[in-house]
Amino acid sequence: MLSQPLVTVLVPSYNHGQYLRERIESIFAQTYQNIELIVIDDCSQDNSDCVIQQLQTVYDFKYIRNARNSGTPFAAWEQICELAQGEFIWVCESDDVAEPAFLETALNRLVGNPRAVLFYSNSLVINEASQVVGHTESYFRDVWREDRWEQDFSATGLDELAKFQLRGQTVPNMSSALITTTAFKRAFSPFLKRLRLTGDWLFVGDVLRQGDVEFSHAALSRFRKHDVTSRVRVKSARSQAEFILTKYHLFRETGLPAEEFAPLMASDVVRFLYEPASWWEVMKSLLHVSFLDTIRCGILMVVSTAKHPAFLNKFKQRYQHAKIWRKENAKSR
């Protein structure tokens, strides 16, 4: 690597005291060392503050502890937009772990492609005891049913957005991503703070509008799955509402014609019929996240469905099937 750019590393901390030492040690164990680490604790109620202060006696990093909980992990992202001095930003979730070569590999790919704004890689999946229990290869293979992630690749961001990111989050976890600071700041929007589950999905879509993407098949991060992650805590109605509005936002960013919105949402609408939340609960969650976006999304759906009248008949059939399915499942409980 010819240049040695500064990398701003953010650890947004909240109630992950038991994982913080392993997380921060893995950052300072990187083969690439030109970093500034900023830990922002969102008023944790466990021993996180004590652990972070102990780690400060060993490692040199900046520590900010919020006096009140912000209610969203993206508040720290907003802060880092103001604080970052580096050319790149690495968001290190406080319960994940990095492989030593992550930064070196990521920077080599990004510096090697001046048009690139985002790098990400595969990850090993670990449990609470840091034991490997899986690999994100299964995410790409089982969820996406695509073989493109079985090797390294470079892609145009706008193509990646329209062909893949629009359908779902392609970056398995944010700890496995490195983003140029310019793209990070441009992509961040206060709207993200309204989202608990899909903010990273929408954010990556906004990043992809700004340049190329680089992917490494190597597992350069360790993503921890456990019972207290934000994804586990989000209820069905809220998760459906965020999913709908995120897809709506990403669709608008692609510039695709309105008539393509209904086909994009068709399988999701059917899937939502089998979720435990009622349509009224989902609607309340939609309006709570954004009243105006809910109205705009609804109008777009009506306009697009008008171009595909056959969808209405299929929806009615699946709706009746879902009603029967719900009754049968209610009896079996």
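Residue numbers run from 1 in the order of the sequence given.
A donor atom on one side chain and an acceptor atom on the other are not found under 3.5 Å apart for E99 and S221. A side-chain donor from one of T31 and E104 sits under 3.5 Å from a side-chain acceptor of the other. Judged purely by distance below 3.5 Å, without hydrogens or angles, the side chains of E36 and T8 pair a donor atom with an acceptor atom. Neither side chain, E93 nor H16, offers a donor N or O lying under 3.5 Å from an acceptor on the other. A donor-acceptor contact under 3.5 angstrom links the side chains of S44 and D41, judged on distance only. In this structure, a donor-acceptor pair under 3.5 Å is absent between the side chains of R222 and S26. Residues S236 and Q240 have side chains that bring a donor and an acceptor to within less than 3.5 angstrom of each other.
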field: Candidate pair V125 and V132, rule side chain to side chain contact (heavy atoms under 4.5 Å, CB included), full reasoning
entry: CA-CA 6 Å; V125 181; V132 176; over 6 Å; no

task: Under the ring pair (Phe, Tyr, Trp, His ring centres under 6.0 Å) rule, what do W149 and F164 come out as? Steps first, then yes or no, please.
output: CA-CA 12 Å; W149 285 279; F164 299 101; 5.6 Å; yes

task: Mind running ring pair (Phe, Tyr, Trp, His ring centres under 6.0 Å) on F184 and F88 for me, showing each step along the way?
output: CA-CA 8 Å; F184 192 102; F88 300 89; over 10 Å; no

task: Starting from the C-alpha separation in whole Å, work towards a yes-or-no answer on side-chain hydrogen bond (donor to acceptor under 3.5 Å, both in side chains) for S130 and E22.
output: CA-CA 9 Å; S130 298; E22 188 178 13; 2.8 Å; yes

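Other residues, nucleotides and ligands place more than 12 heavy atoms under 6.0 Å from the CZ atom of R167. Within 6.0 Å of CE in M283 there are 12 or fewer heavy atoms belonging to other residues, nucleotides or ligands. Heavy atoms from other residues, nucleotides or ligands lying under 6.0 Å from CG of D60 number 12 at most.
With hydrogens and angles disregarded, a donor-acceptor distance shorter than 3.5 Å links the side chain of N122 to the backbone of H217. Not a single donor-acceptor pair under 3.5 Å links the side chain of E160 to the backbone N or O of A155. The closest donor-acceptor contact from the side chain of T181 to the backbone of G86 lies under 3.5 Å. A donor-acceptor distance shorter than 3.5 angstrom exists from the side chain of S304 to the backbone of E259, with no hydrogens or angles considered. Between the side chain of S176 and the backbone N or O of P172, no donor-acceptor pair lies under 3.5 Å. Here the side chain of T180 pairs a donor or acceptor atom with the backbone of A183 at under 3.5 angstrom. Looking only at distances, no side-chain donor or acceptor of Q54 sits under 3.5 Å from a matching main-chain atom of R21. Remark: side-chain polar atoms of S94 are not paired, donor with acceptor, to backbone N or O of L20 under 3.5 angstrom.
Between the CG atom in D293 and the NE2 atom in H249 there is a gap of 3.5 Å [rounded to 0.5 Å]. Summarising the geometry, atom CG belonging to L256 is positioned 6.5 Å from atom CG belonging to L166; distances are rounded to the nearest 0.5 Å. Here OH of Y63 is found 12.0 Å from CG of L37. Values are rounded to the nearest 0.5 Å. In this structure, the separation between OH on Y139 and CH2 on W144 is 5.5 Å, given to the nearest 0.5 Å. Between atom SG of residue C43 and atom CG of residue N66 there is a gap of 7.5 Å, rounded to the nearest 0.5 Å. Here the straight-line distance linking atom CD of E214 with atom CG of N113 works out to 4.5 Å at 0.5 Å rounding.
Contact of the F102 side chain with the F119 side chain is registered, since non-hydrogen atoms from C-beta on lie closer than 4.5 Å. Under the 4.5 Å side-chain criterion, counting only non-hydrogen atoms from C-beta, Y32 is in contact with P5. Counting only heavy atoms from C-beta outward, the side chains of I35 and Q30 never approach each other to under 4.5 Å.
Checked options D206, T170, T254, D159; the residue passing with Q165 is T170 (criterion: side chain to side chain donor-acceptor pair (under 3.5 Å)). Under the side-chain contact (heavy atoms from CB on, under 4.5 Å) rule, K62 has a single partner from L83, I40, V39, which is L83.
Taking the centre and axis of the six-membered ring of F153, the NZ or CZ atom of R148 falls inside the cone set by 45° and 6.0 Å.
Salt-bridge formation is detected for the pair R115/D212: a Lys NZ or Arg NE/NH1/NH2 atom is positioned less than 4.0 Å from an Asp or Glu carboxylate oxygen. With respect to the salt-bridge test (charged N to carboxylate O, under 4.0 angstrom), the residues E78 and K185 do not qualify. A salt bridge does not link D42 with R65: none of the charged nitrogens is closer than 4.0 Å to a carboxylate oxygen.
Residues forming a side-chain hydrogen bond (donor to acceptor under 3.5 Å, both in side chains) with S121 (at least two apart in sequence, or on another chain): none. E82 meets the side-chain contact (heavy atoms from CB on, under 4.5 Å) test with no other residue; sequence neighbours excluded.
A tilted orientation is assigned to the rings of F140 and Y120, their planes being inclined by 30° to 60°.
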